Structures are given as C-alpha cells and as structure tokens.
> 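Dropping the structure in here first, questions after.
Computed from a predicted structure; not experimentally measured.
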Amino acid sequence: MIRSASHADIQAARRCLRGDLLAEEVSTTARELVVAWLHGAGLADREVASRTGMTTYTAARIRARLALPAVQP
C-alpha cells in the first residue's frame, strides 16, 4: 500500500516517468507511485529499472513491498 501521496510526490513521480528526474532524486512515496504505475502498464522490474534509473533490485523490492506480483517480461 502506498502511503498518502502529496501533490509534490505525484508531480515528482510524473517527472520521473518523463525522464526529467531519476528515481534516486524523488521521495520514497514518489518511487512507489512510479513502480505501481509502470507495473500497472505491464512493465517487468528490469523495464521499470531501466526507465527510471533505479536498480532492478530496488524496483523488485518496491514492487514486493507494495504486494504486487512479478511481471514476466
């Protein structure tokens, strides 16, 4: 479950998706939003990591924390 996301977290997550920010530059909540949104679009951990500049391990850890099932590439 994603903590209550502020407007700033949502905006930062959107900027990360556009490639304006790397995942390490945004808050934990914004990273959770990014992972959840990309997972919902059918991206696997490796694809999420590549698109956001985070490691595959971090993408998988966040996905697991959100109780989302792994997506097979």
Side-chain angles (χ1 to χ4, degrees):
M1 184 167 118
I2 299 174
R3 298 174 204 89
S4 179
S6 69
H7 180 73
D9 289 325
I10 294 168
Q11 292 302 324
R14 288 179 178 154
R15 289 184 65 202
C16 184
L17 289 176
R18 285 195 310 260
D20 297 337
L21 294 172
L22 294 174
E24 66 185 27
E25 298 176 286
V26 300
S27 70
T28 300
T29 301
R31 276 186 235 134
E32 290 174 346
L33 287 170
V34 168
V35 170
W37 292 341
L38 293 176
H39 179 273
L43 275 68
D45 296 338
R46 187 187 64 208
E47 297 165 315
V48 171
S50 175
R51 182 161 174 184
T52 62
M54 67 177 77
T55 66
T56 302
Y57 173 79
T58 300
R61 188 173 43 90
I62 293 169
R63 178 192 43 75
R65 184 172 59 233
L66 297 174
L68 299 171
V71 174
Q72 298 303 318

> Quick one: side-chain hydrogen bond (donor to acceptor under 3.5 Å, both in side chains) pairs with a partner in residues 50-61, sequence neighbours left out?
Thr55-Thr58

> Could you tell me the separation between the CG atom of Leu33 and the CZ atom of Arg31, rounded to the nearest 0.5 Å?
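That separation rounds to 11.5 Å.
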
> Taking atom CD of Glu25 as the centre, does the number of heavy atoms from other residues, nucleotides or ligands within less than 6.0 Å exceed 12?
yes

> Which heavy atom in Val71 sits nearest to a heavy atom in Ala44, and how many Å separate them?
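Result for this residue pair: O-CB, 3.4 Å.
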
> First locate atom CG of Leu68, then atom CD1 of Ile62, and finally report the distance between them rounded to the nearest 0.5 Å.
11.0 Å

> Indicate, with yes or no, if Leu66 and Val34 share a hydrophobic cluster defined by side-chain heavy-atom contacts under 4.5 Å among Ile, Leu, Val, Met, Phe, Trp and Tyr.
yes

> Taking only distance into account, with no hydrogens and no angle test, what donor-acceptor pairs under 3.5 Å do side-chain atoms of residues 12-19 form with protein atoms, sequence neighbours excluded?
{"residue": "Arg18", "atom": "NE", "partner": "Asp20", "partner atom": "OD2", "Å": "3.0"}
{"residue": "Arg18", "atom": "NH2", "partner": "Asp20", "partner atom": "OD2", "Å": "3.1"}

> Any side-chain hydrogen bond (donor to acceptor under 3.5 Å, both in side chains) pairs touching residues 33-47, not counting sequence neighbours?
Asp45-Arg63

> Quick one, Val35 and Met54 - any side-chain contact, counting heavy atoms below 4.5 Å?
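With C-beta onward as the side chain, the pair touches.
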
